[in-house]
Participant: 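This is the structure, below, for whatever I ask next.
In listed order, ligands and their atoms are each counted from 1.
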Amino acid sequence: GHNNLNAKLVLLGDMGAGKSSVVLRFVKGQFLEFQESTIGAAFFSQTLAVNDATVKFEIWDTAGQERYHSLAPMYYRGAAAAIIVYDITTQESFSRAKKWVQELQKQGNPNMVMALAGNKADLEEKRVVLAEEARTYAEENGLFFMETSAKTAKNVNEIFYEIAKKLPRA
Ligand code: GDP
Ligand code: MG
């Protein structure tokens, strides 16, 4: 029916930030301490009911390594939504996230719903990226921001739910 929506979603971000773990938590409700690193990209799908609509997410979980960078446009082109993931315990992953945001702003779908996820929020004692800094950056760049933890499940369903709510309805 007209309340059913398919939405291509891509996860981008530094290797090790927790992209695959966020997807695994969302799709299967699981977490692995030793999540295998992604080669190329992996595909998942998951359906969410939001208000009166059903959103079927078609999720591309990318690898994140620089040597796969040239493949990224295949995954973000035509995507309705992106989650850019960084690890709150590394400044490098936050810098990398900002680079992805810039690239999406230049090359991506202009109506793309973009979320910035500060992952590993359970590692508060190792935090180096302040939530306030990330929130300000997100506000200035038209993304919405949440800190997530694939380990504890904090804000994982919520970030997908927020995206689903923001998707333009046909
Ligand atoms: P990816 O390269 O971005 O896909 O990152 P992975 O999902 O493979 O995760 C890299 C490592 O970080 C793995 O050892 C995960 O178990 C760990 N990890 C991922 N998310 C979290 C989290 O929210 N909290 C903690 N403590 N570790 C996490
Ligand atoms: Mg991965």
Participant: Show the numbers, then the answer: is there a salt bridge (Lys or Arg N to Asp or Glu O under 4.0 Å) between Glu103 and Lys106?
Facilitator: CA-CA 5 Å; Glu103 180 165 340; Lys106 273 199 223 152; over 6 Å; no
Participant: Can you name the atoms of ligand 1, numbered from 1 with element, that are less than 4.0 Å from a heavy atom of Leu123?
Facilitator: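 Listed by number with element, the hits are 26 (N).
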Participant: Show which atoms of ligand 1 fall inside a sub-4.0 Å distance from at least one heavy-atom site of Ser21.
Facilitator: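 In order of numbering, the contacting atoms are 6 (P), 7 (O), 9 (O), 15 (C), 19 (C), 20 (N).
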Participant: Between NZ of Lys56 and CG of Leu9, what distance do you get to the nearest 0.5 Å?
Facilitator: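 Interatomic distance, Lys56 NZ to Leu9 CG, rounded to 0.5 Å: 14.0 Å.
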Participant: Looking at CG of Asn141 and OG1 of Thr136, how far apart are the two atoms once the value is rounded to the nearest 0.5 Å?
Facilitator: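 Nearest 0.5 Å value for the CG-OG1 distance: 11.0 Å.
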Participant: Using modelled atom types and a 3.5 Å cut-off, is there a donor and acceptor pairing between side-chain atoms of Arg127 and backbone atoms of Ala121?
Facilitator: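 The answer is no, because no donor-acceptor pair under 3.5 Å joins these two groups.
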Participant: Between Glu162 and Lys165 (salt bridge meaning N to carboxylate O under 4.0 Å), is one present in this structure?
Facilitator: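 The answer is yes: the pair qualifies as a salt bridge.
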Participant: Please state which protein non-hydrogen atom is closest to atom 5 (O) of ligand 1 and give its distance, to 0.1 Å?
Facilitator: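 Protein heavy atom with the smallest distance to atom 5 (O) of ligand 1: Gly18 N, 3.0 Å.
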Participant: Check the pair Asp61 / Phe44 against side-chain contact (heavy atoms from CB on, under 4.5 Å), numbers first and verdict last.
Facilitator: CA-CA 8 Å; Asp61 170 25; Phe44 301 85; 4.1 Å; yes
Participant: What protein N, O or S atoms come within a distance below 2.8 Å of the Mg ion (ligand 2), ordered by chain and number?
Facilitator: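 Near the Mg ion (ligand 2), the protein supplies Ser20 OG, Thr38 OG1.
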Participant: Looking only at protein heavy atoms, identify the closest one to atom 13 (C) of ligand 1 and say how far it is in Å.
Facilitator: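 Answer, as residue, atom name and distance: Glu33 O, 3.8 Å.
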Participant: Among all protein non-hydrogen atoms, which one is nearest to atom 12 (O) of ligand 1, and what is the separation to 0.1 Å?
Facilitator: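 For atom 12 (O) of ligand 1, the nearest protein heavy atom comes out as Lys120 NZ, 3.0 Å.
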Participant: Any sub-3.5 Å donor-acceptor pair from Asn119's side-chain atoms to Val85's backbone N or O?
Facilitator: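 Checking the backbone N and O of Val85 against the side chain of Asn119, no donor-acceptor pair under 3.5 Å is found.
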Participant: Check the angle between the aromatic planes of Phe145 and Tyr86 and answer parallel, tilted or perpendicular using the 30° and 60° thresholds.
Facilitator: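 Phe145 vs Tyr86 ring planes: parallel.
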Participant: For Lys19 and Asp14, indicate whether the former's side chain and the latter's backbone hold a donor-acceptor pair under 3.5 Å.
Facilitator: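 The answer is yes, because a donor-acceptor pair under 3.5 Å joins these two groups.
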Participant: Using a 4.0 Å heavy-atom threshold (strictly under), name the region of Lys19 that reaches ligand 1: side chain, backbone, both or neither.
Facilitator: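 Answer for Lys19: both.
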Participant: Between atom CD of Glu124 and atom CD1 of Ile88, what is the distance when rounded to the nearest 0.5 Å?
Facilitator: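 It comes to 5.5 Å.
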Participant: Taking the side chain as everything from C-beta on, heavy atoms only, tell me whether Val156 gets closer than 4.5 Å to Lys154.
Facilitator: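 Contact flag for Val156/Lys154 side chains = no.
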Participant: I need the nearest protein heavy-atom contact for atom 24 (N) of ligand 1: residue, atom name and distance, please.
Facilitator: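 For atom 24 (N) of ligand 1, the nearest protein heavy atom is Asp122 OD1, 2.7 Å.
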Participant: Under 3.5 Å, N or O to N or O, is Phe34 touching ligand 1 that way?
Facilitator: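 Min N/O separation from ligand 1 is not below 3.5 Å for Phe34.
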Participant: Please determine whether residues Met146 and Val23 belong to a single hydrophobic cluster, defined as Ile, Leu, Val, Met, Phe, Trp and Tyr linked transitively by side-chain heavy-atom distances below 4.5 Å.
Facilitator: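 Linked within one cluster.
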Participant: Would one find an N or O of Ser37, backbone or side chain, under 3.5 Å from an N or O of ligand 1?
Facilitator: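 No: no nitrogen or oxygen of Ser37 is under 3.5 Å from one in ligand 1.
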Participant: Between ligand 1 and Gly16, is the shortest N or O to N or O distance under 3.5 Å?
Facilitator: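 It does: an N or O of Gly16 is found under 3.5 Å from an N or O of ligand 1.
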Participant: Do the ring planes of Phe160 and Phe26 sit parallel (below 30°), tilted (30 to 60°) or perpendicular (above 60°)?
Facilitator: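 The rings of Phe160 and Phe26 lie parallel, inter-plane angle below 30°.
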Participant: So which protein heavy atom does atom 8 (O) of ligand 1 come closest to, and at what separation?
Facilitator: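 For atom 8 (O) of ligand 1, the nearest protein heavy atom comes out as Gln35 CG, 3.2 Å.
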Participant: Can you tell me how far apart CG (Asp87) and CZ (Phe94) are? Round to the nearest 0.5 Å.
Facilitator: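 Output value for this atom pair is 12.5 Å.
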Participant: For atom 23 (O) of ligand 1, grab the closest protein heavy atom and report residue, atom and distance to one decimal in Å.
Facilitator: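 That would be Ala150 N, 2.8 Å.
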Participant: Please report which non-hydrogen protein atom sits nearest to atom 27 (N) of ligand 1, along with the residue it belongs to and the distance in Å to one decimal place.
Facilitator: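 Here the nearest protein heavy atom works out to Phe31 CZ, 3.8 Å.
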Participant: Among all the protein's non-hydrogen atoms, which is closest to atom 20 (N) of ligand 1, and how far away is it?
Facilitator: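 The protein heavy atom lying closest is Asn119 ND2, 3.1 Å.
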Participant: Please identify which atoms of ligand 1 are closer than 4.0 Å to at least one heavy atom of Leu32.
Facilitator: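 So the atoms of ligand 1 that pass are 15 (C), 16 (O).
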Participant: Treating Asn109 as the side-chain partner and Ala79 as the backbone partner, does any N or O pair qualify as donor plus acceptor under 3.5 Å?
Facilitator: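 Yes, the answer is positive, given that a donor and an acceptor are paired below the 3.5 Å cut-off.
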Participant: Taking the non-hydrogen atoms of Asp14, is any one of them nearer than 4.0 angstrom to ligand 1?
Facilitator: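 Checking ligand 1 against Asp14, which is what was asked, there is a heavy-atom contact under 4.0 Å.
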Participant: Just distances here: any N/O of Met15 and N/O of ligand 1 closer than 3.5 Å?
Facilitator: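 No, there is no polar N/O contact under 3.5 Å.
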Participant: Compute the minimum heavy-atom distance from Ala17 to ligand 1 and say whether it is under 4.0 Å.
Facilitator: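 Ala17 counts as a contact of ligand 1 under the 4.0 Å cut-off.
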Participant: If the cut-off is 4.0 Å to any non-hydrogen atom of Ser149, which atoms of ligand 1 fall inside it?
Facilitator: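 What qualifies from ligand 1 is 23 (O).
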